[in-house]
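Here's the structure, in structure tokens; my notes come after.
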Number of protein chains: 2
Amino acid sequence: MSISEPEATTAVNGSLPRQRRTYSIGELARMFEVTPRTIRFYEQEGLLAPERRGQTRIYHEKDRVRLKLTLRGKRLGFSLAEIREVIEMYDAMPDGNARQLKRLLEILADKRTNMERQLEDIRLMQRELDDVELRARDVLERLDQA
Amino acid sequence: MSISEPEATTAVNGSLPRQRRTYSIGELARMFEVTPRTIRFYEQEGLLAPERRGQTRIYHEKDRVRLKLTLRGKRLGFSLAEIREVIEMYDAMPDGNARQLKRLLEILADKRTNMERQLEDIRLMQRELDDVELRARDVLERLDQA
DNA sequence: CAAGCACTTTACGTTAACGTCAACGTCGTC
DNA sequence: GACGACGTTGACGTTAACGTAAAGTGCTTG
């Protein structure tokens, strides 16, 4: 079990198979619009660890969620190494010692301040875009009058 | 004059030199915590075009603002090429034809949707962080009791 | 059973964004 | 006038994150 499960069944359901769906690498690639190569690369970097049926990889919900989080992290500018670090610590959590856990909390706080700055950057950037757009429209208008 | 001036003097001041401050490459590097190499590289990529006094580069407010925007764009995951594209179009605005301006507006809209997704990603990521932190604190607590 | 399709591994190639190093010019100053 | 701090131009090196091509495995479908 790993890194939260958004669409986990709503609590009361005994030992039902929960979500027995699995995915091939191709399916996963299509649904996230990446190439299989990318997914294999993420595995090689320790971000995924799919089951193997013989030679071929079998992905479960857990893996899909990880991939989703990984890609989200990437869009936010985190390196794969950073993402892996958090994932690893998370997986080691249940039996983690205090030092490791404190370290994890530190990292999280770090990411958090990062997010804050991102938010500020976005606000500022949006203002810039507003400004530029306004000027552009202005010029366009004058241009239309001639 | 380029890409907006945040701290422009507040309107009513005739033909005062406004802001006659200039910067060396080292000063700029220190104030933004990048290396001179980075700044030269940005110039080579068409993001900056400082004045030259003989051999050495002289940066004005205009250049400083550009650098600031460039770095902000980078933090938001834009490539230098993307950033340059916007800057170039902005500079070409006053005498730009309608087609170019419409293109600029398109690009801006594009960036804007990008920002929106970023915001959503940040929201989601913050929830994840909250979740992970909560669990970590939980484990820590149980650990402290033993 | 041959063809095709999806999957596999291995390995080398590529791009962006700089880092690093060499070799040199130009100041101020001790 | 040597020295150190700062600037300059090449030019090559490096890292992350994949792309791409080759060569093979395994299923199922006409």
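In what follows, chains are A, B, ... by sequence order, proteins preceding strands, each numbered from 1.
- Listed pair Ser24(A) / dC7(C) meets the phosphate criterion, a side-chain N or O lying under 4.0 Å from OP1 or OP2.
- Going from atom CD1 of Ile25(A) over to atom P of dC18(D) covers 13 Å, rounded to whole Å.
- Arg53(A) has no side-chain polar atom (N or O) that falls below the 4.0 Å cut-off from OP1 or OP2 of dA6(C).
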Start with the C-alpha gap between Arg72(A) and Lys68(A), add the side-chain angles, then the distance that decides, and say whether side chain to side chain contact (heavy atoms under 4.5 Å, CB included) holds.
-> CA-CA 6 Å; Arg72(A) 182 180 300 152; Lys68(A) 189 174 69 182; 4.1 Å; yes

How does protein reach along nucleotides 20-28 of chain D, written 5' to 3' as B (base within reach of a heavy atom under 4.0 Å), S (only sugar-phosphate), or - (no contact)?
-> B--------

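- Screening Arg66(B), Arg84(B), Arg52(B) for a salt bridge (charged side-chain N to carboxylate O under 4.0 Å, His left out) involving Glu43(B) leaves a single residue, Arg52(B).
- Residue-level contact check: Arg40(B) touches the bases, meaning some heavy atom is under 4.0 Å from a base atom.
- Considering only side-chain N and O atoms, Thr38(B) lies under 4.0 angstrom from the phosphate OP1 or OP2 of dG19(C).
- Look at CZ on Arg57(B): it is 15 Å from C1' on dT26(C), rounded to the nearest Å.
- Taking atom CZ of residue Arg30(B) and atom C1' of nucleotide dG7(D), one finds them 12 Å apart after rounding to whole Å.
- Taking only side-chain nitrogens and oxygens, Lys74(B) comes nearer than 4.0 Å to OP1 or OP2 of dC18(C).
- For Tyr42(A) and dA17(D), the shortest distance from a side-chain N or O to OP1 or OP2 is not below 4.0 Å.
- Closest of all the heavy-atom pairs between Thr113(A) and Asp110(A) is OG1-O, 2.7 Å.
- Within 6.0 Å of the CD atom in Gln44(B), the count of heavy atoms belonging to other residues, nucleotides or ligands exceeds 12.
- Atom-to-atom, CZ of Phe41(B) to P of dT15(C) comes out at 14 Å; the value is rounded to the nearest Å.
- The interatomic distance linking Leu71(B) (CG) with dC18(C) (P) rounds to 8 Å, in whole Å.
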